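Structure record follows, encoded as structure tokens.
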Amino acid sequence: MSVSYRSILWNKQKIRYDKGLVLFILIFLVAFFGIHLVFHSNVTIETIIIRAFGLLSLVLLHVILTIGPLTRINPRFLIVLYNRRHLGVTMFLMALIHGAFSMMNFHGLGDINPIRSIFLSNLQYQSVAHFPFQVLGFFALLILGLMAVTSHDFWLKNLGYKTWKALHMMVYIAYGLVILHVVMGVIQNETSIVLFAVILTAFFGIAMLHLLVAVRETTTDQQSKLNAEWVLVGAPEEIKESRAKIVAVSGERVAIFLYQGMLSAVNNVCRHQGGPLGEGKIIDGCITCPWHGYQYLPGNGQSPPPFTEKVETYDLKLENGQVWVNAQPHPEGTAVEPLKIS
Amino acid sequence: MEENDFYIGWQDQAGKTSKRRLLDFFLVSILLALLFLLLFSWVEGPFQKSTFEYGKLTEFSGEVIDYPVFAIKTSHKGEDRTIPLVGFGKFSANPVLRKLKERTGGKLSGFEIRLRGTLIYAHGQVWMELTEGEESVIAVAPKSTVDTLVLETSGSTIKLTGEIVDPKCFFGVMNPAVKKVHKSCAIRCISGGIPPILAIRDRDGEFQDFYFIRNKAGQYINDKILQYVGIPVSLNGEVEQVDGLKVIKIDPPSNQMVYRPLLDQGIAKCGT
Ligand code: FES
């Protein structure tokens, strides 16, 4: 573990997670190959590989996009989230096999370079029905590749959180491209409406999940529009020991933690990957981020030495049994006297 | 959530509830994935039977022709056949044909040629890839008898509807080798000189009739029809049959500027 970036080392739980992922892939591939060898024995092995890995990466992408909103709706799913980057890199590798085989098969050994061929073979860019759908897949793969390569914390530290996060939000662009790639390619090739309906249902499912979370969080953020100096948090009894309540203050979310009869307020955004600190817990005296376990001292918002991450802190006051938080944050890592409530 | 069930990534063990949740998530995901897989496998296809004898070389002896396609007239499994020849990868076998003509002084009839290649077959048709390029020609020898080609011409313009395919993939190298997913590949093959074919389905949707596509002068027009590959098309043209191989001769576009309007007289696109 280094001071400049923390890598979470292998542990039993992580190995169990990855074993599950490998098992998932094996079950899927064995089922796909088995069904095709028995029921579609005329298909060439290249076609089976292209379709198996294409479908597998599509499924994994949906799983990945489900995890985020699911944990916001129900924190019990946090265990699924923490190793999501392995899922992401694996999904990219599956998509890469699909892309590489497709490129070798459909564009290799020809009169022009395979990459040029992706763009220059089918030129019906003006047509919806005949659009060269492989181009969409190519760009999606490029984005997913960029995300996989930069998924390590080394890049997070070197690119800075904002750039890194923006880069990784491109997963939604990649997802849009993948859906179009599938709808304009495979589905137009098959005559059944069933596949089209399934893909559309999956797409709307993902969209609805994200929308649901957005609506919930917007409701939480409503208070931030009130530009008061002090914002009401509520009665201290609303907060469980070692846990927090999140309120929105001047466009920022603030997590107010209760521990040993005291309250402390820090900015809700973890400096690692933007995890919601307010959904975390105080462990061994430190606020512990639910996503990957980065820690901060509640009294000053600083990660315990030798780590250097810091979040903003806020003043609290108690009036008529109600807790209020000051809308003006202190600079990151500023010590603030905890509010004693008992 | 149970108080002690807050799992952090670096912890060796997760609490019971967290573990259970992870297992539930895994089971639901794999179940949905398998359902999707079954559904996909059920609706895809059907795939027609075709073979590419990858890794196996077969030898044939016979006379070679270059119209309507570079082919060898030979006997295969006790049947007289004219087997069209294609090159390795997405290329025609024209370099082999040129080399052969150099050896025979430009003539093809009157020579017994021995060739070696990889067989491709489907829909009752047999093709061969000259996998080893010029090395595929094993022997060239003069022969006493000269075969005559049987040529029949329709004399009138007819309209045929089907799909323009590249025969190398279509008859076995790839499966499926039709429609949109294969369009780019077919374009590359035809651009590489593989003779385009109009494949026509019967009422049951099975491919049963195949026509080589040429211009009125009988020349290749591969580069002029690339964007019409892999989609349903109707071709207006004169039909002829050379030794059982069918050809449709369509209007030749004279240059790129008038290519589309001229081509559209010869090719009507459907379903665009
Ligand atoms: S976001 Fe990774 S530990 Fe907080």
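In what follows, every chain begins at residue 1, and chains take the letters A, B, ... in the order their sequences are listed. This is a predicted model, so every value here is computed, not measured. Any value given below was found using the heavy atoms of this structure, including those in side chains, with hydrogens, waters and symmetry copies removed.
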Fill in: Pick from V43(A), V59(A), L21(A) with the largest number of heavy-atom pairs that fall under 4.5 Å of chain B
V43(A)
Practice prompt. Answer yes or no: is there a side-chain heavy-atom contact under 4.5 Å between F40(B) and V198(A)?
Written response: no
Worksheet item: Pick from I112(A), V194(A), I118(A): which one has the most heavy-atom pairs with chain B under 4.5 Å?
Response: I112(A)
Worksheet item: Looking at CZ of R188(B) and CZ of R116(A), how far apart are the two atoms once the value is rounded to the nearest 0.5 Å?
Response: 8.5 Å
Discussion item. Using side-chain heavy atoms (C-beta onward) and a distance below 4.5 Å, is T44(A) in contact with F47(B)?
Written reply: no
Worksheet item: When rounded to the nearest 0.5 angstrom, what is the spacing between OG1 in T47(A) and CE in M174(B)?
Response: 7.5 Å
Fill in: pair N105(A)-C185(B): side-chain heavy atoms closer than 4.5 Å
no
Item to complete: Taking K180(B) for its side chain and M184(A) for its backbone only, find out whether a donor-acceptor pair lies under 3.5 Å.
Response: yes
Fill in: Contact origin within L58(A) toward chain B - heavy atom pairs under 4.5 Å
side chain
Worksheet, complete the sentence: Okay, N83(A) and chain B: the region with an atom under 4.5 Å from a heavy atom over there is neither
Discussion item. Quick check on the structure: residues of residues 189-203 of chain B within a heavy-atom distance below 4.5 Å of chain A, by number.
Written reply: S191(B), G192(B)
Worksheet item: Which distance, rounded to the nearest 0.5 Å, do you find between the OG of S41(B) and the CZ of F39(A)?
Response: 9.5 Å
Fill in: H62(A), part contacting chain B, at a heavy-atom distance under 4.5 Å
neither
